[in-house]
**Student:** 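Got a structure for you, written out below as structure tokens; questions coming shortly.
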Number of protein chains: 2
Amino acid sequence: MQLRRADVLRGARDLLDAEGLDGLTMRKLGAALNVQAGALYWHFAGKQVLLEAIADDLLAAVAEPPPAGPWDQRLVTLAHKLRQALLGVRDGARLVAETFVTEPNTALAGRIGMRILMDAGLPAEQAAWTMFAVGHYVLGHTIEEQATGPDRDAKLAARAEGDADLRELATAIGADPGRRFEFGLGLLIDGIRVRVGPRTPADN
Amino acid sequence: MQLRRADVLRGARDLLDAEGLDGLTMRKLGAALNVQAGALYWHFAGKQVLLEAIADDLLAAVAEPPPAGPWDQRLVTLAHKLRQALLGVRDGARLVAETFVTEPNTALAGRIGMRILMDAGLPAEQAAWTMFAVGHYVLGHTIEEQATGPDRDAKLAARAEGDADLRELATAIGADPGRRFEFGLGLLIDGIRVRVGPRTPADN
DNA sequence: ACCTGAACACCGTTCAAGT
DNA sequence: ACCTGAACACCGTTCAAGT
């Protein structure tokens, strides 16, 4: 049974989950698919291209617009879908960060967010810049969230000895990432609201 | 003349600027310092440790608090210093993203931001979470900003054919990164203001 | 204390040759 | 059309041995 492009993609995702981004090598991927490493180059032009394909695959779920509703709710939904997409595979955020806006689906996600904000009354440029800000926040947050901290929290805690502020910081980073994400997203939404103007009853 | 730890660090930074993160290898670094690659392991336990040292070095400038003043102004100053620090070397943001909160100076920067916000009246946990959000935004933005787009803008522009929204997005990403950064930071600041409460004359 | 030389176990990528 | 085998030019890391 022959290898198809989709098989390579799925194998790469599995290997990524198992070994992390640094452990994902063409040779291991070949072995996992019972094929020589060189054979992969028939399906993908190079490792970089393969990584981009995985990244784009990951973001496919973000390519369709959230259901109608008030702009802030729609935007929150979009941001959550983006985070969930990045969390869909180990080191997903780092992977996307290294290929970023190149892929079709990233652009589509940006397009959708822009529409939401333009419908809310923002001019095109502001809408675009706002989406960049939201995207950057989500990406930064998720990279940190996925940074495997086997010793990370311990290291920070060790350094926090005798420094009340650092102790507080260490505790805060140990909190549920989902709630932290929500909080930061709320800051952005409130900031956007200042520019959009308060909701009117007509928005429903 | 013997090699000192600081020489290795400086050499690594120079090589990073010249070759980028992917081009920074122990062997090339050795060659640049007129030394065998193995010799570097006397000064640093491994490449990872060296990278972390560069990252921490980069963030040293952020470790001291901005001058007194209104909280929003101080926070903006801090965020700018952070961005400038990451821009201090090629791929600086990606580098820091891969080692993140582990380093002393990152923690110190967080501590400083926390103090600013607590002085402004925020409870400790909210102050910490707010700083994470600001940090994640800055990191995400700067990663994108440094993503060498030799073809990136061109790729996006090509895909934008016949899609007015995508064209708008492509134009917006071509804008001055500094102004884009400012805009997104402004969103966050405004969001924080909602929680801190409006400035009073006593803040000066 | 600091470095060399040489090895070990890996990489990504290419490409003739096979089927 | 799809893959093997084998090579090429690299990696990070270790470690005896030198000075």
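Proteins get letters first, then strands, A, B, ... in listed order; numbering begins at 1 in each. These figures come from a predicted structure and were not determined experimentally.
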**Student:** Once rounded to the nearest 0.5 Å, what's the spacing between atom CG of L21(A) and atom CD of E98(A)?
**Tutor:**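 Separation between the atoms: 5.5 Å.
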**Student:** For D22(A) and dC10(C), give me the distance from atom CG to atom P, rounded to whole Å.
**Tutor:**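 Result: 16 Å.
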**Student:** Could you state the atom-to-atom distance from CG of D7(A) to P of dC2(D) in whole Å?
**Tutor:**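 In whole Å, dC2(D) P and D7(A) CG are 12 Å from each other.
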**Student:** Let me know the distance between CG of L24(A) and C1' of dG12(C), rounded to the nearest Å.
**Tutor:**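 About 12 Å, once rounded to whole Å.
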**Student:** Which whole-number value in Å describes the distance from F44(A) CZ to dC2(D) P?
**Tutor:**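 Roughly 13 Å, once rounded to whole Å.
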**Student:** Can you list the stems that include DNA chain C, where a stem is three or more consecutive Watson-Crick or G-U pairs with distances under 3.5 Å?
**Tutor:**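 As far as DNA chain C goes, consecutive pairing (with distances under 3.5 Å) yields the stems C:4-8 with D:12-16, C:12-16 with D:4-8.
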**Student:** May I ask you to list the residues of residues 27-35 of chain B, by number, that have any heavy atom positioned under 4.0 Å from an atom of DNA chain D?
**Tutor:**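 Listed by number, they are R27(B), K28(B).
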**Student:** Whole-Å distance between dC10(C) C1' and M26(B) CE?
**Tutor:**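 Distance check: M26(B) CE to dC10(C) C1' gives 16 Å.
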**Student:** Is there a side-chain contact between H80(A) and V76(A), using heavy atoms and a 4.5 Å cut-off?
**Tutor:**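 When only atoms from C-beta onward are counted, V76(A) and H80(A) do touch, with a gap below 4.5 Å.
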**Student:** Starting at atom NZ of K47(A), determine the distance to atom C1' of dG12(C), rounded to an integer number of angstrom.
**Tutor:**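 Distance, rounded to whole Å: 8 Å.
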**Student:** Quick check on dC2(D): is either OP1 or OP2 less than 4.0 Å from any side-chain nitrogen or oxygen of Q2(A)?
**Tutor:**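 Looking at the OP1 and OP2 atoms of dC2(D), one of them is under 4.0 Å from a side-chain N or O of Q2(A).
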**Student:** Just how far, in rounded Å, is P of dA1(C) from CG of L3(B)?
**Tutor:**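 Going from CG in L3(B) over to P in dA1(C) covers 17 Å.
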**Student:** Whole-Å distance between dC2(C) C1' and R4(B) CZ?
**Tutor:**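 Atom CZ in R4(B) sits about 13 Å away from atom C1' in dC2(C).
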**Student:** Can you name the closest pair of heavy atoms from I143(B) and R94(B) and give their distance?
**Tutor:**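 So the minimum-distance heavy-atom pair works out to CG1-N, 4.0 Å.
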**Student:** Evaluate the criterion ring-ring contact (aromatic ring centres under 6.0 Å, His included) for residue pair F132(A) and H141(B); output intermediate values, then yes/no.
**Tutor:** CA-CA 8 Å; F132(A) 291 143; H141(B) 180 96; 8.7 Å; no
**Student:** If I compare all heavy atoms of L58(A) with all of G92(A), which pair ends up nearest, and what's the gap?
**Tutor:**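 Looks like CD2-CA, 4.0 Å.
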**Student:** Shortest non-hydrogen contact from M26(A) to A37(A)?
**Tutor:**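 Minimum heavy-atom contact is O-CB, 3.9 Å.
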**Student:** Quick one: list whatever passes side-chain hydrogen bond (donor to acceptor under 3.5 Å, both in side chains) with R111(A), sequence neighbours left out.
**Tutor:**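 So R111(A) forms a side-chain hydrogen bond (donor to acceptor under 3.5 Å, both in side chains) with D163(B).
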**Student:** What I'd like to find out is whether the side chain of V196(B) reaches to under 4.5 Å of the side chain of D72(B), using heavy atoms alone.
**Tutor:**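 When only atoms from C-beta onward are counted, D72(B) and V196(B) do not touch, as no gap falls below 4.5 Å.
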**Student:** According to the interplanar angle, ranging from 0 to 90°, do the rings of F181(A) and Y137(A) count as parallel (below 30°), tilted (30 to 60°) or perpendicular (above 60°)?
**Tutor:**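 Ring orientation of F181(A) relative to Y137(A): parallel.
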**Student:** Within less than 4.0 Å of OP1 or OP2 of dC3(D), is there a side-chain N or O belonging to H43(A)?
**Tutor:**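 Yes.
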**Student:** Which residue pairs satisfy the salt bridge (Lys or Arg N to Asp or Glu O under 4.0 Å) criterion with at least one member in residues 26-35 of chain B, sequence neighbours excluded?
**Tutor:**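 Qualifying pairs, neighbours excluded: E19(B)-K28(B).
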**Student:** Provide the full list of salt bridge (Lys or Arg N to Asp or Glu O under 4.0 Å) pairs with a residue in residues 112-133 of chain B, sequence neighbours left out, each pair given once.
**Tutor:**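 For residues 112-133 of chain B: D165(A)-R115(B), R115(B)-D119(B).
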**Student:** Which pairs, protein N/O on one side and nucleotides 14-19 of chain D N/O on the other, fall under 3.5 Å?
**Tutor:**
none

